[in-house]
Amino acid sequence: MFQSGQTKYVVGVELGGNPMRNDFRMFKPAFELARTAGLPIAIHCGEVPTGSNEVEKDEALQKAYLEALSIIKFKPSRLGHALLLSEPLMEILLHNPIPIETCPTSNIMTLELALHHKGNLLDGMRMHPQLGKWLQKEYPITINTDDSGLFCTNLTKEILLVAKAYNLGERELARILLKSIDHIFDPSGETKSRLRVDIRGSIDKMTAIPDQY
């Protein structure tokens with residue numbers, strides 16, 4: 001069993017996979033052990049439509065709602081995707097934010113958002129069910145690739161896609177990128193410090209960014 005400080009190579013644990021099978025609540029005891037051991041946790045959440053309350057008539061929506069609610073109440077360090085959470089669940093997160101790992105191209109492909117736009121990723125991105133709201137409210141997010149090999153992408157392409165779809169300028173991108181460093185699983189803090197220096201150096205070459213970012 002992992003013990004805090006035992007190794008620098010284990011930095012956190014994550015739960016992902018087919019959202020139609022099993023349930024976070026089955027694995028909750030294991031994640032409680034991981035948390036006790038000092039490991040940060042990321043859990044995929046809201047990858048299928050969730051209902052709005054505990055008494056949804058649709059069994060699948062009710063189950064998805066209850067699972068998502070249990071994940072949010074567990075308060076992991078990060079949530080994966082969270083793109084199909086209902087309004088009541090997002091309201092909970094707006095009042096008590098948990099950083100969300102957003103994967104633009106992956107979300108477009110899995111939800112087939114570009115299907116009616118001749119495969120245009122940019123148009124599909126604008127149809128993302130949550131990202132525009134997160135950006136508007138400055139909700140804590142990170143921009144990720146998910147599976148770069150499967151989706152033929154990289155982090156630069158993902159950032160550019162979001163910037164073009166939502167007309168983000170250099171200042172907005174700088175804020176997102178620098179804030180995302182806060183959510184890295186980095187026990188020593190060394191990686192965070194190095195990334196802040198490197199990313200700010202690159203940003204400063206393009207534009208002056210106030211220290212508050």
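Fair warning: this is a prediction, and the values are worked out from it, not measured in the lab. Note that these values count all heavy atoms, side chains included, but never hydrogens, waters or copies made by symmetry.
Ile108 and Val48 are assigned to two separate hydrophobic clusters, defined by single-linkage of ILVMFWY side chains at heavy-atom distances under 4.5 Å. In the hydrophobic clustering of this structure, Met20 does not group with Leu66; members are Ile, Leu, Val, Met, Phe, Trp, Tyr whose side-chain heavy atoms approach within less than 4.5 Å, directly or through other members. Met125 and Ile159 fall within the same hydrophobic cluster, where Ile, Leu, Val, Met, Phe, Trp and Tyr residues are linked whenever their side-chain heavy atoms come under 4.5 Å apart, directly or through other members. The hydrophobic cluster containing Leu173 does not contain Leu160, counting ILVMFWY residues as joined when their side-chain heavy atoms lie under 4.5 angstrom apart, directly or transitively. Under a hydrophobic-cluster definition in which Ile, Leu, Val, Met, Phe, Trp and Tyr are linked whenever side-chain heavy atoms come within less than 4.5 Å, directly or via other members, Trp134 and Leu111 are assigned to the same cluster.
With hydrogens and angles ignored, the 3.5 Å screen pairs no side-chain donor or acceptor of Glu67 with any backbone N or O of Ala64. Side-chain atoms of Asp198 do not come within 3.5 Å of backbone N or O of Gly201 as any donor-acceptor pair. Checked by atom type and distance alone, the side chain of Asp146 never pairs as donor or acceptor with a backbone atom of Cys103 at under 3.5 Å.
For Thr105 and Glu158, the side-chain atoms include at least one donor-acceptor pair closer than 3.5 Å.
Within the model, atoms CG of Leu135 and NE2 of His128 stand 9.5 Å from one another, a figure rounded to the nearest 0.5 Å. Distance check: Lys164 NZ to Leu121 CG gives 11.0 Å after rounding to the nearest 0.5 Å. Note that CZ of Arg25 is 14.5 Å distant from CZ of Phe31, once rounded to the nearest 0.5 Å. Once rounded to the nearest 0.5 Å, the distance linking CD of Glu138 with CD1 of Ile176 reads 8.5 Å. Of the inter-residue distances, the one linking Asn107 atom CG with Glu47 atom CD reads 8.5 Å to the nearest 0.5 angstrom. Here OG1 of Thr142 is found 9.0 Å from CD1 of Ile184. Values are rounded to the nearest 0.5 Å.
Residues Leu84 and Thr50 fail the side-chain proximity criterion, which asks for heavy atoms closer than 4.5 Å. The shortest side-chain heavy-atom distance between Glu54 and Gln62 does not fall under the 4.5 Å cut-off. Counting heavy atoms from C-beta on, the side chains of Ser106 and Asp147 never come closer than 4.5 Å. A 4.5 Å side-chain heavy-atom check between Leu93 and Tyr139 finds at least one atom pair inside the cut-off. Residues Lys179 and Pro140 form no side-chain contact, since every pair of their non-hydrogen atoms from C-beta on lies 4.5 Å or further apart. Here the side chains of Lys63 and Asp23 are in contact, with some heavy-atom distance below 4.5 Å. Using a 4.5 Å heavy-atom cutoff, the side chains of Leu94 and Lys137 are in contact. Using a 4.5 Å cut-off on side-chain heavy atoms (C-beta onward), Ser148 and Asn154 make no contact.
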- Go through the steps for Arg175 and Glu170 under the test salt bridge (Lys or Arg N to Asp or Glu O under 4.0 Å), then give the verdict. CA-CA 9 Å; Arg175 178 187 61 79; Glu170 293 170 342; over 6 Å; no

- Task: Evaluate side chain to side chain contact (heavy atoms under 4.5 Å, CB included) for Ile92 paired with Leu69, printing each intermediate quantity in order.
- Result: CA-CA 9 Å; Ile92 296 173; Leu69 182 62; 3.8 Å; yes

- Report the C-alpha separation of Thr145 and Phe151 in whole Å, then their side-chain angles, then the decisive distance to 0.1 Å, and conclude whether the side chain to side chain contact (heavy atoms under 4.5 Å, CB included) test is met. CA-CA 8 Å; Thr145 60; Phe151 296 112; over 6 Å; no

- Message: Please determine whether side chain to side chain contact (heavy atoms under 4.5 Å, CB included) holds for the pair Ser180 and Ile141, giving the CA-CA distance in whole Å, both sets of side-chain angles, and the decisive distance to 0.1 Å.
- Response: CA-CA 6 Å; Ser180 69; Ile141 63 170; over 6 Å; no

Residues 72-80, side-chain donor-acceptor partners within the protein, below 3.5 Å, at least two apart:
| unit_1 | atom_1 | unit_2 | atom_2 | d |
| --- | --- | --- | --- | --- |
| Ser77 | OG | Ile41 | N | 3.2 |
| Arg78 | NE | Glu101 | OE2 | 2.6 |
| Arg78 | NH1 | His183 | O | 2.8 |
| Arg78 | NH2 | Glu101 | OE2 | 3.2 |

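What you find for Pro88 and Ser52 is that their closest heavy atoms are CG-O, 3.5 Å. Taking both residues in full, the closest heavy atoms of Leu161 and Pro104 are given as CD2-CB, 4.1 Å, listed atom of the first, atom of the second, then distance. The two residues Ala34 and Val13 make their nearest non-hydrogen contact at CB-CG2, 3.8 Å. Taking each heavy atom of Pro129 and Leu113 in turn, the nearest pair found is CD-CD1, 4.3 Å. Taking all atoms of both residues into account, the shortest heavy-atom contact from Pro40 to Val11 is CG-O, 3.0 Å. Minimum interatomic distance between Gly51 and Tyr65 (heavy atoms only, all atoms of both residues): O-CD1, 3.0 Å.
Note on Lys133 versus Glu87: salt bridge recorded, some NZ/NE/NH1/NH2 to OD/OE distance being below 4.0 Å. Ion pairing of Asp182 with Arg196 is present here, as a side-chain N (NZ or NE/NH1/NH2) and a carboxylate O approach within less than 4.0 Å.
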